[in-house]
There are 2 protein chains.
Amino acid sequence: MSSLQARKQELVRDAIWDAAIELFLVKGFDETTVEDIAAGAGVSRRTFFRYFASKNDLLGQGIMEYAGALRETILACPAGCPATQVVREAVSRVAAQYAAIPRTKQIMRIAELYPAARAAQLSRTAELQELVREAFAGRGMSGVEAGLLAGVTLALLSVIFRAWFAAGATDIGRAVEEGLGTLRRVLGAG
Amino acid sequence: MSSLQARKQELVRDAIWDAAIELFLVKGFDETTVEDIAAGAGVSRRTFFRYFASKNDLLGQGIMEYAGALRETILACPAGCPATQVVREAVSRVAAQYAAIPRTKQIMRIAELYPAARAAQLSRTAELQELVREAFAGRGMSGVEAGLLAGVTLALLSVIFRAWFAAGATDIGRAVEEGLGTLRRVLGAG
DNA sequence: TTGACAATGGCACTCAGTGCCATATAATTC
DNA sequence: GAATTATATGGCACTGAGTGCCATTGTCAA
């Protein structure tokens, strides 16, 4: 399915995304209207909404694109696989994928600058955590286990991205191990 | 500050809240407009926005009312206090407080029924997690530790509320212990 | 080339959210 | 108790988000 239409759609989607990020960084998130973005991308306002459900969706869609991969990774681990191993694989894989998207850093920068943008991203993160919870529950875990592991998984992802964003490059596999180690150590005492 | 004005404000706030919950449960969340709520509370649309920043705020304000208590509990623990103890106290205290609010169950019911309402609540939960993270960081922890503990804390709260909502009453102290135990067990292997 | 199908643009509409100002009600002062 | 000052409210008007509808344009297949 790489027809001319599909490629044009990808082009338009990218144009919208680029125009939006540019404007967010220059004018600010709240000050940029959908109309501005559409104009910047050379497209009508109406068309914008055919690609993105909302202005916030511009920030969240990148996250959600990999929700499926996260879910599959969790469900793909063999039945007897210990929970930490599942978390390890899921976090490593998704972090690596997400870090590879060029727009990720710019989006994190925008979220860092503007509270409304940060709120939009946090909202998506919470949504993603729900999906992860359901995936863990699908592995035959109790609701409590699934909920806690989902929390741990997303917290790890968040911590890793924070480090990755702050320090430039990060060895993601190593960061996951350190995070799990920290968690064990902190929870172990008391 | 329990003047006549203050008591009237409380009255109006409650009237709006009650009207909103009633309408959400009867008409549905998306189908209920701010104008409906204002009319139901016997107040103008403009006045609604003087009490609540948005329709979503009706669902989130209950959560955020206790953000301060959560933060203080975390910061109040003595310096050498182990992290699990901090988490234990924070979760226990806030869970008990939040469970005592009459509207909590109805709001959870609404969030259960309507995706948009659930999204609004999740958004607030994520916001709360940020505050908790900052509180842990304020205890002199590393960013990684703070991020992970905040994730664990909110996951525990979520799990406990889920149980509390499903099963009617729950021994919150016991639930916290079980949650922490589950977490140690699950993370210990592998 | 023609006909089916998808993408786009433009229009109009509802609703959220906000600034502004006039009015009414409470608190304060004399 | 009357006058004055704050504060809460209501109404109005405005911008912007998001959506349904339809005419138009461009793409694909026969």
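FYI, side chains are in, hydrogens and waters are out, and symmetry mates aren't considered; it's all heavy atoms of this structure. Per chain, numbering begins at 1; letters A, B, ... match sequence-line order.
- Taking side-chain N and O atoms only, A:Lys8 has a distance below 4.0 Å to OP1 or OP2 of D:dT27.
- Taking the side chain of B:Ser44 as heavy atoms from C-beta on, and the options D:dG10, D:dA13, D:dA8, the nearest nucleotide is D:dG10.
- Nearest to the side chain of B:Arg50, among C:dC15, D:dA17, C:dC21, sits C:dC21.
- Comparing atom distances between the B:Gln5 side chain and each of C:dA26, C:dG17, D:dA17 picks out C:dA26 as nearest.
- The separation between B:Glu35 atom CD and C:dC13 atom P is 18 Å, rounded to whole Å.
- Nearest to the side-chain atoms of A:Arg46 among the listed nucleotides D:dG10, D:dA17, D:dG20 stands D:dG20.
- In this entry the distance linking CZ of B:Arg45 with P of D:dA13 reads 13 Å, nearest Å.
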Derivation and outcome, side chain to side chain contact (heavy atoms under 4.5 Å, CB included), residues B:Phe136 and B:Val87 | CA-CA 10 Å; B:Phe136 275 116; B:Val87 171; 3.9 Å; yes
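- We find that CG of B:Leu11 is positioned 12 Å from P of C:dA26, with the value rounded to whole Å.
- If you check C:dG17, C:dA7, C:dT8 against the side chain of B:Phe49, the one that comes closest is C:dG17.
- Taking only side-chain nitrogens and oxygens, B:Thr47 never comes nearer than 4.0 Å to OP1 or OP2 of D:dT9.
- The nucleotide whose nearest atom lies closest to any side-chain atom of B:Tyr51 is, among C:dG10, C:dA6, D:dA8, D:dA8.
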